[in-house]
Amino acid sequence: ATGEATFIVRPIDAIFCIKVNKSDIPDKHRPKYDASLEMNRVNIKVEKRQYRDVVRTLDFFGNFERMSRYNQFRPKVSVLADPR
């Protein structure tokens with residue numbers, strides 16, 4: 001490593017606006033805050049190593065979700081300990 005920072009997301013050109021409803025009377029049809037975010041382009045640069053790590057992490061969570069879904073059907077005791 002060269003000691004130089006590596007950024008995944010490059011600088012973003014964006015406009016963020018927020019409007020505040022200063023009325024003293026609450027109105028459930030008109031929000032207290034109204035915000036908007038406008039982005040023209042978001043550039044992302046990912047190195048092979050970073051891409052591989054993201055794919056592995058997503059794969060791990062997919063496997064974890066699948067295992068937790070079927071965990072109720074697993075035996076409580078190992079087959080070697082209780083080979084009925």
Side-chain angles (χ1 to χ4, degrees):
T2 62
E4 188 176 308
T6 303
F7 296 98
I8 293 176
V9 178
R10 298 292 176 205
I12 298 172
D13 181 22
I15 298 171
F16 180 74
C17 297
I18 187 165
K19 296 177 187 174
V20 180
N21 178 3
K22 295 182 180 180
S23 173
D24 292 334
I25 303 169
D27 184 2
K28 62 181 175 182
H29 300 291
R30 191 166 170 218
K32 181 73 175 170
Y33 300 100
D34 185 20
S36 66
L37 176 65
E38 180 182 330
M39 295 189 299
N40 293 330
R41 177 180 289 172
V42 177
N43 294 322
I44 298 175
K45 181 180 178 185
V46 180
E47 296 174 359
K48 285 183 179 181
R49 177 181 51 82
Q50 293 168 322
Y51 177 76
R52 183 193 65 223
D53 291 345
V54 167
V55 169
R56 285 182 179 171
T57 301
L58 293 174
D59 191 38
F60 170 78
F61 282 114
N63 289 338
F64 180 79
E65 189 272 331
R66 185 172 12 105
M67 286 175 52
S68 65
R69 190 176 347 145
Y70 296 111
N71 197 30
Q72 62 184 343
F73 302 114
R74 292 181 55 90
K76 304 292 185 226
V77 181
S78 73
V79 176
L80 290 174
D82 186 16
R84 296 187 234 186

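As the structure is a prediction and not an experimental result, all values here were calculated from the model.
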For the atom pair CG (Asn40) and CD1 (Ile12), what is the distance rounded to the nearest 0.5 Å?
11.5 Å
Less than 4.5 Å apart, any side-chain heavy atom of Asp53 and any of Gln50?
no
Report yes or no: do Val55 and Phe60 belong to one cluster of Ile/Leu/Val/Met/Phe/Trp/Tyr joined by side chain heavy-atom distances under 4.5 Å?
no
Ring geometry between Phe73 and Tyr70 (parallel below 30°, tilted from 30 to 60°, perpendicular above 60°)
tilted
Would you say that more than 12 heavy atoms from the other residues, nucleotides or ligands in this model lie under 6.0 Å from the NZ of Lys19, or not?
no
Hydrophobic cluster membership, with links at side-chain heavy-atom distances under 4.5 Å among I/L/V/M/F/W/Y: are Leu58 and Met67 in one?
no
Is Tyr33 atom OH crowded by more than 12 heavy atoms from other residues, nucleotides or ligands, each under 6.0 Å away?
no
Measuring from Arg66:CZ to Asn63:CG, what's the distance to the nearest 0.5 Å?
4.5 Å
Could you pull out the closest heavy-atom pair between Ala14 and Leu37, with the gap in Å?
CB-CD1, 4.1 Å
Are more than 12 heavy atoms from other residues, nucleotides or ligands located less than 6.0 Å from atom CZ of Arg69?
yes
Phe61 and Val54: same hydrophobic cluster, using ILVMFWY side-chain contacts below 4.5 Å?
no
